[in-house]
Amino acid sequence: MSLEITLHPKQTAAYESKATEILYGGAAGGGKSFFMRVAAILWCSLIPGLQVYLFRRTYDDLIKNHIEGSKGFRSLLSSWEQQGWAKIVEAEIRFWNGSKIYLCHCEHEKHRFKYQGAEIHVLLIDELTLFTDTIYRFLRTRVRMTSIEVPEQFKGCFPRILCGSNPGNIGHGWVKSTFVMDGDEKAVPMKIRQMPEEEGGMLRQYIPATLDDNPTMALDDPSYRNRIRGLGNAALVKAFEKGDWDAVVGSFLEGVWDPDVHVVDPFPIPSSWKVWRAMDWGFAKPYSVHWYAMDQDGTHYIWRELYGWGGKPNVGSREQASAVAAKIKKIEEHDERLGYEYRMNPADSAIFAEIGSSKSIGKIFRENGVKWIEAYKGNRSRVNGAQLIVEMLKSGKLKVFSTCKHWIRTVPALMPDENNPEDVNSNLEDHAWDETRYALLQVRRAPEEEQKSTDDLEPSYKYENETFTMKV
């Protein structure tokens, strides 16, 4: 019983790793799909009764990428099938020793419940960025192992998860945050990290692999690298050739966002510049507060950040409004001495709603010394705001300080709304995006309008036209 299989050094490192939750890959052509098939076959042959679940998002992709082809399961196992040691039956591969590989898909989030009763000893997910965080976290709960005798060489390595992916697609943000980043900093490649219970408690590892780590591809298809470089899109080339997770593929800002152009080192904001802040409120979801400045040429800078992050994508810090107001006051404690004057500070209009006898969130902020005005949410304001962000990035009129890490982490990674390509997908972590829309759509109060305010109401501001262009 022999199979002629060659693993390259990065593939061997992933196969022999003691980590139990691995992301392998990054660039196209790194050999991740082939490695998953080989690892599944080897583990099933060496561990009797092993149950391996291999996922792609759709069934068609599953069959095309893993069953058929010169290096698919059917080809790899052809000699074993002839001898009766393995059998492929529709979406299931059965081995002589009772081990099985289940070929699975999870096209919609509701499909994850099909696997609620599964005992997954090895979870393999190909092209992880095609999946949502919700699907992944649920499937991870099904990874468990009982009554299986593991050979000494694999002690402590099972149950385990092995994923492969390129940058881009709907899951880019959460996959990057989960595997490629370690908190606010980039994870050290190959380093194994013990994750806390709330993050699954597994031994997590990111193993980057590029085309250079898969010499077989260069032999089989010498022109493959040239075709990648001929994609005609700098972000695509960086993502597919180098496995660059900072180059977001398929995002709303693809072809617009360039960190080399738009991210700048911090510098002191002159007191002569116009300054203001904006907020998108959140409790269970993150809240986002950024400070904005505009120079005499109309270039806008996002220069401070306060982000209510619960430590993982799209999870809030669950802070009370009074506590957030105190943080803002602390941040701004020396601003008046520096000559900064915040006169127009838009926030999500939802914070001004009062429910029963409860105070509005806006009023709590006001009582704690932080005043907001209601952000405009009129007809097409989402689309107009999105267009304004794009136009300002294209013209170089919007810059972000490198210290605004959550803005840089979330905004460039947002994907278009499938039902409205002129807007971002609001199911993603779009809080900094929404707050930026509020900030850029905001205009100065018309001077002839009488300002009205009471203890319970915020000042009334007038918007001049349907394009909501910022006055300079």
Side-chain angles (χ1 to χ4, degrees), residues 14-24 33 35-59 61-63 66-67 73 77 80 85-128 130-165 178-179 192 194-205:
Y15 178 76
E16 295 179 345
S17 175
K18 299 300 182 181
T20 55
E21 187 182 24
I22 298 172
L23 175 65
Y24 176 84
S33 298
F35 168 61
M36 283 188 178
R37 291 191 291 273
V38 167
I41 292 171
L42 292 175
W43 288 329
C44 281
S45 64
L46 295 170
I47 306 175
L50 194 70
Q51 297 187 93
V52 177
Y53 284 66
L54 171 59
F55 280 83
R56 285 279 300 215
R57 190 69 191 262
T58 67
Y59 181 76
D61 284 347
L62 182 70
I63 299 303
H66 289 287
I67 294 295
F73 278 121
L77 293 172
W80 282 16
W85 297 327
K87 187 176 183 180
I88 300 176
V89 182
E90 295 181 350
E92 189 176 307
I93 302 173
R94 303 168 184 170
F95 293 84
W96 81 96
N97 61 358
S99 294
K100 293 181 180 179
I101 300 174
Y102 297 96
L103 304 174
C104 310
H105 69 285
C106 197
E107 185 171 0
H108 303 291
E109 287 194 343
K110 63 182 180 181
H111 292 162
R112 69 190 187 277
F113 296 116
K114 294 190 299 182
Y115 307 99
Q116 187 162 342
E119 180 178 316
I120 300 176
H121 302 151
V122 180
L123 174 61
L124 305 176
I125 303 181
D126 194 13
E127 295 302 345
L128 183 60
L130 293 175
F131 291 76
T132 65
D133 185 37
T134 299
I135 295 174
Y136 177 73
R137 288 180 178 274
F138 182 84
L139 292 178
R140 188 172 61 189
T141 68
R142 304 298 88 207
V143 177
R144 52 209 172 111
M145 198 173 201
T146 59
S147 304
I148 296 292
E149 183 64 31
V150 178
E152 189 63 33
Q153 69 190 93
F154 295 128
K155 292 290 186 182
C157 298
F158 291 85
R160 68 189 302 157
I161 299 171
L162 173 63
C163 304
S165 195
T178 302
F179 289 96
I192 298 176
Q194 174 66 62
M195 303 311 297
E197 290 182 1
E198 60 269 20
E199 271 299 298
M202 303 183 81
L203 295 173
R204 185 175 292 170
Q205 184 182 32

Give the C-alpha distance, both sets of side-chain angles, the deciding distance and a yes or no for side-chain contact (heavy atoms from CB on, under 4.5 Å) between F131 and S165.
CA-CA 10 Å; F131 291 76; S165 195; over 6 Å; no
Would a distance-only check, ignoring hydrogens and angles, find a side-chain to backbone donor-acceptor pair under 3.5 Å from E107 to Y59?
no
Approximate separation, where rounding is to 0.5 Å, of H108 NE2 and K114 NZ:
10.0 Å
Starting at CD1 of I120, measure out to CG of L50 and round the result to the nearest 0.5 Å.
11.5 Å
Has K87 got more than 12 heavy atoms of other residues, nucleotides or ligands less than 6.0 Å from its NZ?
no
4.5 Å side-chain heavy-atom contact, E92 and I101
no
Compute the ring centroids of F55 and Y115, then answer whether they are less than 6.0 Å apart.
yes
Ignoring hydrogens and geometry beyond distance, is a side-chain donor-acceptor pair present between R56 and H66 at under 3.5 Å?
no
Test item: R57 side-chain N/O and H105 main-chain N/O as donor-acceptor pair under 3.5 Å
no
Look up atom CG in L103 and atom CG in L54, then write down how far apart they are to the nearest 0.5 Å.
6.0 Å
Is the shortest heavy-atom distance from the side chain of E109 to the side chain of T132 under 4.5 Å?
yes
Closest non-hydrogen atom pair between I125 and L139, with its separation:
CD1-CD1, 4.4 Å
Any side-chain heavy-atom pair of L62 and T58 under 4.5 Å
no
Return the CG to CG distance between D126 and D61, rounded to the nearest 0.5 Å.
9.0 Å
Measure the shortest side-chain to side-chain distance between R112 and T134 over non-hydrogen atoms and say whether it is less than 4.5 angstrom.
yes
What are the two closest non-hydrogen atoms of A40 and L124, and how far apart are they?
CB-CD1, 3.8 Å
Determine the minimum heavy-atom distance between C44 and V52, stating which atoms define it.
SG-CG2, 3.6 Å
Is there a side-chain contact between L162 and F35 in this structure, where contact means two heavy atoms from C-beta onward sitting under 4.5 Å apart?
yes
Tightest non-hydrogen contact, residues T178 and R204, listed as O-NH1, 3.0 Å
So OG of S99 and NE2 of H121: to nearest 0.5 Å the spacing works out to 9.5 Å
Run the ring pair (Phe, Tyr, Trp, His ring centres under 6.0 Å) test against F73 and tell me which residues pass, sequence neighbours left out.
none
Atom CD of residue position E90 - does it have more than 12 heavy atoms of other residues, nucleotides or ligands inside 6.0 Å?
no
Is there a donor-acceptor pair under 3.5 Å between the side chain of Q205 and the backbone N or O of L23?
no
Atom CE of M202 and atom CD1 of I22: how far apart are they, to the nearest 0.5 Å?
9.5 Å
Got a salt bridge between R140 and E21, using NZ or NE/NH1/NH2 to carboxylate O under 4.0 Å?
yes
In the structure I gave you, are the side-chain heavy atoms of Y136 and I161 within less than 4.5 Å of one another anywhere?
yes
Mind running side-chain contact (heavy atoms from CB on, under 4.5 Å) on F95 and K100 for me, showing each step along the way?
CA-CA 6 Å; F95 293 84; K100 293 181 180 179; 5.8 Å; no
Run L203 and M195 through side-chain contact (heavy atoms from CB on, under 4.5 Å) and show every step you take.
CA-CA 6 Å; L203 295 173; M195 303 311 297; over 6 Å; no
Non-hydrogen side-chain atoms of I41 and W80 separated by less than 4.5 Å:
yes
For residues 147-160, which side-chain donor-acceptor pairs fall under 3.5 Å, sequence neighbours excluded?
unit_1	atom_1	unit_2	atom_2	d
K155	NZ	V150	O	3.3
R160	NH2	S17	O	3.2
R160	NH2	A19	O	3.2

Show your reasoning for whether side-chain contact (heavy atoms from CB on, under 4.5 Å) applies to L128 and F179.
CA-CA 11 Å; L128 183 60; F179 289 96; 3.7 Å; yes
